[in-house]
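Taking it in order: structure first as structure tokens, then the write-up.
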Amino acid sequence: MPDHARPAAPTRGESGGVLVTRPLPAALATAALLTARGYTPVIAPLLTILPCPADLPPPEELQAILVGSGNAVDHLPATHRQLRLLAVGNATAARARRAGHGAVASAAADAARLAALAGATLDPAGKPLLLAVGEGQGAALEAALTAQGFRVLRRAVYTTAAAASLPAAARAALTAPAESLSRPSSEGPTVRAGLFFSAETARVFRRLVEAEGIADRLSALVALAISAATAAELRPLPWREVREAHHPDQEALLALLP
């Protein structure tokens, strides 16, 4: 292609601002991807991930570990890294490998596929499975595994604390002059979309914008949801549009960007 016909690479912020509502440090990795695509990330974490004291069985008493999120991986002890680990998706599996887990397999989808992967690769008559989850999570996956004959030890290895108010960056973006929500402004990025990586995050966002009386400012924005459950939490708000990822991972979510 001749040089004069080559499209110009996007500059930072050219494609507008995007709210990144996932917890740190994952929000920083997402922000880097957005910047590379020409968007300006507005980092506004709505959940804080905290460790949960967990009484985990020694590794020799377990057959394998199952994790439904990368947050669970981050809170597993080094003593358990030699066990087989089944992850809900590819990003979680990659996170486990980076953390030092050796035998890692990915269900590349969701909790239902993770249960199916366990059924296909593990022994229901063998040692118990450690299901490492966030506090209050994993009951449906535990039931699916138990229905296949597995003994399951569900343990909360982390918990989440919801933001008490909207982060300042999100509030500033949403309460900017109305015209800046639909076209570029010299004051800051055009806020075009919000990224939501979990139903819990979407639920917190909805509660906060309603409590602060600024839900009406969403009418020019597109909400991008990683799953049907996340989209369901967002739809009661007056977005211009709610888009749902065809696959529950970050790449599919980013592909929805306007």
Does [Y] offer a backbone N or O that forms a donor-acceptor pair with the side chain of [X] under 3.5 Å?
X: T92; Y: V88; result: no
X: R217; Y: A176; result: yes
X: R192; Y: L257; result: no
X: R81; Y: G102; result: no
X: R171; Y: L166; result: yes
X: R84; Y: T121; result: yes
X: H75; Y: I49; result: no
X: T230; Y: I226; result: no

#### Entry: R155: partners by side-chain contact (heavy atoms from CB on, under 4.5 Å), with sequence neighbours left out
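side-chain contact (heavy atoms from CB on, under 4.5 Å) check on R155 returns L56, L130, L153.
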### Task
Report yes or no: do L145 and L76 belong to one cluster of Ile/Leu/Val/Met/Phe/Trp/Tyr joined by side chain heavy-atom distances under 4.5 Å?
no
#### Entry: Worked verdict on E212 versus S165 for side chain to side chain donor-acceptor pair (under 3.5 Å)
CA-CA 8 Å; E212 298 188 24; S165 59; 4.8 Å; no
### Task
Go through the structure and list residues passing side-chain hydrogen bond (donor to acceptor under 3.5 Å, both in side chains) with N90, not counting sequence neighbours.
S106
### Message
Does this structure show an ion pair linking R37 with E251, if we count only N-O contacts that are shorter than 4.0 Å?
### Response
yes
### Query
How about L195 and T30: do any of their side-chain heavy atoms sit closer than 4.5 Å?
yes
### Task
Report yes if the side chains of R206 and E210 come closer than 4.5 Å at any heavy-atom pair, otherwise no.
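With C-beta onward as the side chain, the pair touches.
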[X] atom [atom1], over 12 foreign heavy atoms within 6.0 Å:
X: Q82; atom1: CD; value: no
X: R113; atom1: CZ; value: no
X: Q148; atom1: CD; value: yes

Would you list the atom pairs, donor with acceptor, under 3.5 Å between side chains in residues 57-67 and any protein atom, with sequence neighbours excluded?
unit_1 : atom_1 : unit_2 : atom_2 : d
Q63    : OE1    : D123   : N      : 2.7
Q63    : NE2    : D123   : O      : 3.0
Q63    : NE2    : K127   : O      : 2.8

#### Entry: side chain to side chain contact (heavy atoms under 4.5 Å, CB included) between R22 and F196, intermediate numbers included
CA-CA 7 Å; R22 69 189 312 194; F196 296 90; over 6 Å; no
### Task
Test side chain to side chain contact (heavy atoms under 4.5 Å, CB included) on L224 and V242 and set out the steps.
CA-CA 6 Å; L224 309 181; V242 176; over 6 Å; no
### Task
For R151 and L129, run side chain to side chain contact (heavy atoms under 4.5 Å, CB included): C-alpha distance rounded to whole Å, both residues' side-chain angles, the deciding distance at 0.1 Å, then the answer.
CA-CA 6 Å; R151 289 178 293 156; L129 307 181; over 6 Å; no
